[in-house]
Amino acid sequence: MSDSHITNEVLPPSPLTKLNENIAEIRAQLRPGQTEMADWQAGPLAVSAVPGAGKSTGMAAAAAIAIARQYEDYLNTGNKEYKQLIVVTFTRSATANIKYKIRENLKKLSLPQTGFAVYTLHGLALIIASRHPNLSGLQLENTALITPNQSHRFIRIAVEQWIANYPEIYLRLLAGQQFDGEETEKLRRQSVLRTEILPDLAYTVIHEAKSSGILPKDLLNWSEQTSDKYGILRIAAGLYEQYQKIMQLQDFIDYDDMILAALKVLENPSTCRIEQNKILAVFEDEAQDSSPLQTKLLEILASQEFGDNLDKSALNLIRVGDPNQAINSTFTPADPVYFREFCQDCQSQKRLAQMAQAGRSTQIIIDAANFALAWVNNQDFAKTNNKQTPFQDQQIQPVHQPEGNPEPTGKGLELYTPSDIHHTVELLSQRVIELFTENSQASAAILVRENRQGRWLAAALAPICKEHKIKLYDVGEKERRSHVPQEILSLLQFCERPHSPDYLKATLEVFVERQLIPTQDINTLASLPEEFLYPSPLTTTQTEIVAKAAHFCRSLLRAYLELPFYQIISFFALTLKYDQAELATADKLAERVNQQIFGNSSMGAMISALSEIVSSERFESVEPEDVEKQYTKAGQLTIITMHKAKGLDWDYVFLPFLHENLIPGRFWIPPQGQFLGDFTLSEVARAQIRAGLHKKPIPDLNQAWEASKYLKIAEEYRLLYVAMTRAKKLLWMSAAQKAPFTWSKPDNLQTSAPCPVFAALKRQFSA
């Protein structure tokens, strides 16, 4: 072969050249904001993204490119010190989604699908804590994880112990604003305080404080800075302290303990360095939903330093989020203020990227969402001094490329004012039939503010959908099956101790929830169990609805006396009129309990086994990782809450029942708790704790209540914004002239004012 032939032969590209070509190919498909992530080399980067901008797509591409650059460094220098990229997101289903996208990008780069790990925040914390049990204090083989709620037995025990330890403060609560000493009223107030108000306060405070690293003694210190008749923060500190003692004595942990345990590990300099040295960088999705401790954990892991004063400008940390989609802060410790602050810090370093282009929705839906955002921020309540506006001023822009956004179906935005909720169903169902007739493979969803609205709609639409062969999927109905163990436990506890006001009340609440008896004042019924269950000739004659409730309770007691233990759960399931799936869940539960109490068949053993199942949350239905795909199937009409719809989208989205009493709504003070005043203890405590966290003066009772109302209004408007931006081709909105004041009584219709944003949209877009 001649030398000239060798010279002219085309040599294959080197691995390095080929890798750079593949990186450039992926980068060329990205939009502004996504490219800043892809170009990241080191340091902090904040990415503020509008709905539908492709946050996870951009993050997955950036993650794969960051892994590729580490490989590129190896090809250039021979450095074999591989580190792992950590990606953190909010839910388990989101971890599966982003993991898949990163792997697909690594395939395009012709690289192994390794070098990264995707976790939820709590999953990451648990791994760190379990690697170093001596430092974290978590011995997982001896520890059980719980997710407490207001009715959890540990919170109930903490309440009872607090009452025993602080009888004077409890009596002050019992007296309320005024009290005439009447015995029945005293019993009613005792029931409300012990089963509703104090458990709610404990639950709220424990989550708010623990997730921020606040101890009971900190709450006591803050309580010195403010005063109110009841000493709410002092009560909160006592409840929190009792709860912590119970958890430690019984070797239980909750999700906040996981984060605290991981941070304990990272307080050790050598261990912290070991963990940091494994990590290339930390990428966080849905950063607007982080709490202070979660943020601290990620910042330590993303740093190469140790100690409290980390150099924030040297963190290898990308945080992606949208403060305008922060919809969890009024019932979780998440607060969008922390992500906003991170964005401001990054902006001062010229390290803020904005993903303003979104290809999800048609132009008129984008216009409607932008209008709603600007309208809310321009209202008087949003302009109050010393408050952040409900929305960050970030307008959605269409994608600036051919075929970037979908074409609208019809006008793309339809606004209706039906005469009542039945007329709403009529209009909505007509439109659904038209749309599915035109396109049987479209996806559609009805987004509701409350589960009770979804349940009512599902019942109203079921026969219509069946007639027109449209698949109807009620997400709430499926989720209600997970409540089977708790409902059965409540009934069993009542049967064992029918004279307990707590257990009677819990059973009546189950009957109301299952719509077996009408909504009524169950606190009064439960305050005198004997009179309610077995009224004597001298007792005031029971009304029809009270008599019906008493009949249900007596039927449970009769079954408890007559049936063998192994049949009781199945009987209760039939009594509660469970559907087929719920009955199957109850059968599975019965089998599990019967196995657990084999050889010790007693009611006490059964209740103990069920309590363990409920408390430790081990009895969960197995769900596939792509569970959210069930919500967005083609050819299906999904009924889902606005909260659960976040992160999803559909061709057609219906938003019925947009009324002022729900959005923005107001804090509803239950009549049974109004003897304390026109506020709730839990929300006052939440506002006071957040003020303390933000290094602001602790507000007094009235200021804290006003701050709580502002937070709720702002979040409800953000929730509506999230709901509107789920739609791709058609957004259908309505506010009926007549609607129920409460959806626990859907037949009790009254004139209802529309949500103010809906009224403004009608004025703007109905021309």
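- In this structure, the separation between CD on Q177 and CZ on F675 is 10.0 Å, given to the nearest 0.5 Å.
- Between the Y560 side chain and the M603 main chain, no donor and acceptor come within less than 3.5 Å of each other.
- Between D254 and K210 a salt bridge is recorded (basic side-chain N to carboxylate O distance below 4.0 Å).
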Discussion item. Could you go through F252 and F154, starting from their C-alpha distance and side-chain angles, then the distance that decides it, and tell me whether this counts as ring-ring contact (aromatic ring centres under 6.0 Å, His included)?
Written reply: CA-CA 10 Å; F252 276 81; F154 285 0; 4.9 Å; yes
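- Ring orientation note: the planes of H207 and Y203 are nearly perpendicular, at an angle over 60° on the 30°/60° scale.
- E182 and K186 are not joined by a salt bridge, as no carboxylate oxygen comes within less than 4.0 angstrom of a charged side-chain nitrogen.
- The main-chain N or O of A175 is found under 3.5 Å from a side-chain atom of R189 such that the two form a donor-acceptor pair.
- Put simply, the side chain of S608 never gets that close to the backbone of A605: no donor and acceptor are under 3.5 Å apart.
- Salt bridge D521/R188: absent, no basic N to carboxylate O contact under 4.0 Å.
- The backbone N or O of K745 lies less than 3.5 Å from no partner atom in the side chain of T742, so there is not a single donor-acceptor pair.
- Taking 4.0 Å as the cut-off between side-chain N and carboxylate O, E513 and R455 count as a salt-bridged pair.
- Not one N or O on the side chain of R718 forms a donor-acceptor pair closer than 3.5 Å with the backbone of I327.
- A salt bridge does not link E715 with K712: none of the charged nitrogens is closer than 4.0 Å to a carboxylate oxygen.
- Using a 4.0 Å cut-off between a side-chain N of Lys or Arg and a carboxylate O of Asp or Glu, E706 and K709 qualify as a salt bridge.
- Under a 3.5 Å cut-off, the side chain of Q520 and the backbone N or O of P518 do form a donor-acceptor pair.
- Looking only at distances, no side-chain donor or acceptor of H499 sits under 3.5 Å from a matching main-chain atom of E530.
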